[in-house]
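Values below: all heavy atoms of this structure, side chains included; hydrogens, waters and symmetry mates excluded.
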Amino acid sequence: MQVTETHSEGLKREFQVLLPAKDLEDRLNSELTGLKDKVQLKGFRPGKVPVAHLRKVYGRSVMAEVVQNAVNEANQKIITDNNLKLALEPQVEFPEDKAEVEKALEAKGDFAFKVNLEVLPTFELADLSDVSLTKFVAKPSDEEVKEALDRMAGQTRPFSARAEGEEAASGDRVTIDFVGRIDGIAFEGGKGEGIDLELGSNTFIPGFEDQLVGAKVGEARVVKATFPEAYGAEALAGKDAEFDVTVTAIQTPGEAKIDDELAKNLGLESLDKLKEAISQAIGSDYEAASRRKLKKALLDALDGKYAFDLPPSLVAQEFANVWAQVEQDLKTRGKSFEDEGTTEEASQAEYRKIAERRVRLGLVLAQVGESADIKVSDEEVNQALIARVRQFPGQEQQVWDFYRKNAQALAELRAPLFEEKVVDHVLSQVKLVEEPVSKEALFADEDAEADGAEASTESKAD
């Protein structure tokens with residue numbers, strides 16, 4: 001096997017591979033010889049089939065395997081001999097001349113093919129001693145804990161039936177049967193029986209609940225409402241609908257008590273313990289928001305420290321993923337680029353920069369992780385898998401089996417764990433200053449900051 005580098009420009013490499021006909025012949029005969037003891041052909045004793053006869057029967061298919069093995073061997077040789085780190089899998093280009101390929105498959109001619117590669121860039125890790133970041137810290141207030149307690153008490157308060165003939169009021173729980181129609185035609189998902197609805201909860205589409213205030217048990221009403229433009233079901237978004245609604249029961253809420261009994265109903269021993277648990281839960285949310293802001297600031301700092309060529313295919317792949325999300329979001333919201341005050345071309349340019357940033361940061365974090373010998377243990381992946389499984393109650397076994405049988409899906413669980421470990425490592429190298437802030441300041445502009453903040457380490461951390 002002869003391997004020659006024929007092109008090198010930027011991160012792109014091209015190699016020419018030549019397999020002499022004799023090499024093909026030797027490989028084919030070796031495979032066929034190994035096949036003698038594995039096949040049974042009529043008229044021949046086991047292990048006694050002549051290689052020449054095997055070649056007539058299996059030569060074509062075996063040679064296809066020989067060629068594929070040779071391609072794999074060539075790819076590995078190129079990577080090992082040249083100490084390359086690939087951005088994506090090698091792209092193999094076979095000869096266009098079919099006659100040339102046919103000769104090679106019969107071991108009557110040399111077989112030549114090209115291997116095109118994109119390699120990862122090489123760069124030195126930056127000095128981060130001059131980087132100073134602010135970690136915003138917010139603590140739950142007594143008022144926030146009280147608001148959470150009020151919500152819990154309201155959700156667990158008792159309901160009792162209204163007296164016969166009384167009208168439903170805001171805050172009451174009504175039980176309804178309904179059928180919805182658009183342009184006089186019933187639509188999928190628009191029918192329900194025995195559905196409990198708390199008036200004023202804004203659980204149903206806007207305007208629906210308001211029109212049931214004042215209704216009595218047994219009363220039938222026609223409720224008119226419009227589905228929001230951003231409604232999840234595209235076929236219903238923005239459509240006017242009419243619902244034939246029958247009220248079958250009305251219940252009025254009792255007193256929402258905040259006491260030890262409430263805590264016990266929620267699995268805690270006392271009201272103080274419940275308050276403590278609420279404070280911790282809110283604190284965890286605040287810590288997560290603080291982490292997101294800090295990580296965004298860190299990635300911004302890293303992005304400003306590095307400038308190197310990016311593998312075009314990785315950027316194209318990342319941009320395709322980002323752009324698909326953008327288009328899906330516009331479609332879901334029923335918006336156009338003009339509605340957003342921009343053009344498709346301008347948006348593509350903006351999101352291409354986001355894709356480039358993600359690829360760049362992914363490569364940086366991958367190299368930092370490799371340099372620091374950061375690993376994600378199987379136990380950590382298992383814990384992440386268990387957490388994912390719990391998100392699908394009733395389907396736990398199917399989800400578990402899917403991940404266990406799908407290496408790529410399992411890698412998608414491992415990648416963010418690796419990234420967070422690397423982020424922690426980098427944060428230990430910079431100066432951190434804590435700054436107390438309000439809840440409002442902590443969550444301000446979080447949606448805007450999310451765009452482009454995450455580095456994608458999948459397929460770059462190997």
Side-chain angles (χ1 to χ4, degrees), residues 151 170 174 176-193 195-213 221-245 285 288-289 292-293 296 315-359 388 391-392 395 409 412 416 440 442-456 458:
R151 286 195 301 272
S170 181
V174 297
I176 58 174
D177 299 334
F178 62 87
V179 176
R181 295 182 176 82
I182 294 177
D183 296 329
I185 301 174
F187 57 87
E188 185 178 354
K191 181 178 180 180
E193 294 182 355
I195 304 299
D196 289 334
L197 174 63
E198 187 173 326
L199 302 184
S201 65
N202 296 319
T203 304
F204 275 31
I205 59 176
F208 187 101
E209 296 168 24
D210 296 341
Q211 296 175 60
L212 296 180
V213 172
R221 288 192 173 187
V222 176
V223 172
K224 298 181 179 181
T226 302
F227 285 94
E229 292 289 344
Y231 194 69
E234 185 179 351
L236 303 179
K239 297 291 181 63
D240 294 328
E242 287 189 353
F243 296 85
D244 295 329
V245 182
D285 289 342
R292 289 191 294 270
K293 279 186 174 290
K296 168 65 167 56
V315 173
Q317 190 178 77
E318 188 66 36
F319 173 75
N321 293 335
V322 173
W323 192 247
Q325 293 174 359
V326 171
E327 292 185 313
Q328 182 59 47
D329 177 62
L330 286 175
K331 184 177 180 181
T332 299
R333 295 188 293 117
K335 299 291 185 180
S336 67
F337 292 103
E338 289 71 20
D339 293 331
E340 301 294 311
T342 184
T343 64
E344 183 172 355
E345 292 74 16
S347 292
Q348 285 187 342
E350 176 187 352
Y351 284 101
R352 191 171 298 279
K353 290 180 180 178
I354 291 176
E356 290 172 353
R357 168 191 166 96
R358 289 183 176 181
V359 172
R388 179 62 58 86
Q391 296 174 359
F392 299 88
Q395 304 176 52
E412 289 173 0
E440 290 71 25
L442 181 62
F443 287 96
D445 303 324
E446 189 165 85
D447 289 341
E449 289 178 354
D451 286 340
E454 295 298 317
S456 175
E458 293 175 31

Hey, what do you get for [atom1] ([X]) to [atom2] ([Y]), rounding to the nearest 0.5 Å?
{"X": "F319", "Y": "R352", "atom1": "CZ", "atom2": "CZ", "result": "4.5 Å"}
{"X": "E350", "Y": "E345", "atom1": "CD", "atom2": "CD", "result": "13.5 Å"}
{"X": "F337", "Y": "T343", "atom1": "CZ", "atom2": "OG1", "result": "8.5 Å"}
{"X": "Y351", "Y": "E327", "atom1": "OH", "atom2": "CD", "result": "11.5 Å"}
{"X": "I182", "Y": "E242", "atom1": "CD1", "atom2": "CD", "result": "10.5 Å"}
{"X": "D240", "Y": "T226", "atom1": "CG", "atom2": "OG1", "result": "4.0 Å"}

Would you say that [X] contacts [Y] through its side chain, given a criterion of any heavy-atom pair below 4.5 Å between the two side chains?
{"X": "E340", "Y": "L330", "answer": "yes"}
{"X": "L212", "Y": "F204", "answer": "no"}
{"X": "E209", "Y": "L197", "answer": "yes"}

For [X] and [Y], work out which heavy atoms get closest and say how close.
{"X": "P206", "Y": "A225", "value": "O-CB, 3.7 Å"}
{"X": "S170", "Y": "G200", "value": "OG-CA, 4.1 Å"}
{"X": "D177", "Y": "E193", "value": "OD1-CA, 3.2 Å"}
{"X": "Y231", "Y": "A237", "value": "CB-CA, 4.0 Å"}
{"X": "T342", "Y": "S347", "value": "CG2-OG, 3.2 Å"}
{"X": "F443", "Y": "D285", "value": "CZ-O, 4.2 Å"}

Given side chain to side chain contact (heavy atoms under 4.5 Å, CB included), test R358 with V322 step by step and report yes or no. CA-CA 10 Å; R358 289 183 176 181; V322 173; 3.4 Å; yes
Are R181 and D244 within salt-bridge range, i.e. N to O under 4.0 Å?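 Answer for the salt bridge query: yes.
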SB check R388 E412 (cutoff 4.0 Å):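 Salt bridge flag = no for E412 with R388.
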Spell out, as yes or no, whether a donor-acceptor pair under 3.5 Å connects the side chain of E318 to the backbone of A355.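 Between the backbone of A355 and the side chain of E318 there is no qualifying donor-acceptor contact (under 3.5 Å).
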Is the closest side-chain donor-acceptor distance between D329 and T332 under 3.5 Å?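 No, no side-chain donor-acceptor pair sits under 3.5 Å.
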Side chain to side chain contact (heavy atoms under 4.5 Å, CB included) for F178 and R221? Distances and angles first, verdict last. CA-CA 9 Å; F178 62 87; R221 288 192 173 187; over 6 Å; no
Could you list the residues that satisfy ring-ring contact (aromatic ring centres under 6.0 Å, His included) with F392, not counting sequence neighbours?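 Counting only residues at least two positions away or on another chain, F392 forms no ring-ring contact (aromatic ring centres under 6.0 Å, His included).
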Does CG in D183 sit with more than 12 non-hydrogen atoms of other residues, nucleotides or ligands closer than 6.0 Å?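 Result for CG/D183: open.
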Crowded around E188 CD? As in, over 12 foreign heavy atoms under 6.0 Å?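 Counting other residues, nucleotides and ligands, CD of E188 stays at 12 neighbours or fewer.
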For the residue pair F227 and F187, is the inter-centroid distance of their aromatic rings smaller than 6.0 Å?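 Yes; F187 has its ring centre under 6.0 Å from that of F227.
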